[in-house]
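Below: the structure, in structure tokens.
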Amino acid sequence: MKKRFLKTIRDAIEKQYPNYTNDKLDEIMYGVEGIYLTFTKTIIIFALAFILGIAKELLFLLLAFNFIRLFAFGMHADNSLTCLVFSSALFLTGAFASKYINLDLNIIYILYIVILIIIAIFAPADTVKRPLIKKNKRIRFKVLSIVTIILYFIITIYTKNQYITNYLIFGLIIECILILPITYKLFDMPYNNYKTYKNKV
């Protein structure tokens, strides 16, 4: 069903925009596939969250996560079931933590420092389907990722709201997990895929 849906979308885009290159189409379809998988997966995860009484926390956590995800990217599991199980574990745990954990200010500072270091070193983390071949793109996304961390930190300092702080912090922690080389290795997925291309710019 997924392959048929994605093929229909790609054919429609090619027909509407015949001047698009394969690279451009691949980039668009990466986003479309991400939306499709996110939508189907999110329905299941939200159903579980509703049963567990953490649906609101999950919603705000996903908002915080998806914003940094735009720039830092990260691992996508090849298998849909693996993706669902791993995502459920990450996001439901993050939602629980957001609801029940009260972070000390010093711990918050330490977490932001660690997160900033991880993002500065490992973001953006590409995938086989979307290798970030162009060096200027990788630099731009890294800068945007770091700016996002700083923005989250400023919000945390000025809002002084424990729940908002938790959504931001745990959203960032989940993103950090998804860009670490060890996470790619655990799922037997290649890391720094752009390095396999000879014509890097």
So, taking the atom named [atom1] in [X] and the one named [atom2] in [Y], what distance separates them when rounded to the nearest 0.5 Å?
X: T148; Y: L168; atom1: OG1; atom2: CG; value: 11.0 Å
X: F170; Y: F96; atom1: CZ; atom2: CZ; value: 13.0 Å
X: L144; Y: F141; atom1: CG; atom2: CZ; value: 7.5 Å
X: T159; Y: Y167; atom1: OG1; atom2: OH; value: 11.0 Å
X: T165; Y: K160; atom1: OG1; atom2: NZ; value: 11.0 Å
X: M75; Y: I179; atom1: CE; atom2: CD1; value: 12.5 Å

Could you pull out every donor-acceptor pair under 3.5 Å between side chains of residues 39-63 and any protein atom, sequence neighbours left out?
{"unit_1": "T40", "atom_1": "OG1", "unit_2": "Y36", "atom_2": "O", "d": "3.1"}
{"unit_1": "T40", "atom_1": "OG1", "unit_2": "L37", "atom_2": "O", "d": "3.1"}
{"unit_1": "K41", "atom_1": "NZ", "unit_2": "S87", "atom_2": "OG", "d": "3.4"}
{"unit_1": "T42", "atom_1": "OG1", "unit_2": "T38", "atom_2": "O", "d": "2.3"}

Are [X] and [Y] packed together at the side-chain level, in the sense that at least one heavy-atom pair is separated by less than 4.5 angstrom?
X: I149; Y: F153; result: no
X: L178; Y: L90; result: yes
X: Y191; Y: K185; result: no

Could you pull out every donor-acceptor pair under 3.5 Å between side chains of residues 101-120 and any protein atom, sequence neighbours left out?
{"unit_1": "D104", "atom_1": "OD2", "unit_2": "N106", "atom_2": "N", "d": "2.9"}
{"unit_1": "Y112", "atom_1": "OH", "unit_2": "Y152", "atom_2": "O", "d": "3.1"}
{"unit_1": "Y112", "atom_1": "OH", "unit_2": "T156", "atom_2": "OG1", "d": "2.7"}

Under a single-linkage definition using a 4.5 Å side-chain heavy-atom cutoff for Ile, Leu, Val, Met, Phe, Trp and Tyr, are [X] and [Y] assigned to the same hydrophobic cluster?
X: L186; Y: F73; value: yes
X: I182; Y: I177; value: yes
X: I173; Y: Y163; value: no
X: L151; Y: I169; value: yes
X: M189; Y: V85; value: no

Test item: N161 side-chain N/O and I164 main-chain N/O as donor-acceptor pair under 3.5 Å: yes
Test item: D126 side-chain N/O and P131 main-chain N/O as donor-acceptor pair under 3.5 Å: no
Over all atoms of both residues, closest heavy-atom pair of F71 and P124: O-CB, 3.5 Å
Minimum heavy-atom distance P190-Y184, with the two atoms named: O-CD2, 3.2 Å
Y194 six-ring face occupied by R138 cation (under 6.0 Å, within 45°): yes
K7 and D11 ion-paired at < 4.0 Å: yes
Trace of the ring pair (Phe, Tyr, Trp, His ring centres under 6.0 Å) decision for F65 with F91: CA-CA 10 Å; F65 165 78; F91 290 110; 5.0 Å; yes
Inter- and intrachain pairs under salt bridge (charged side-chain N to carboxylate O under 4.0 Å, His left out), touching residues 162-182, at least two apart: R69-E175
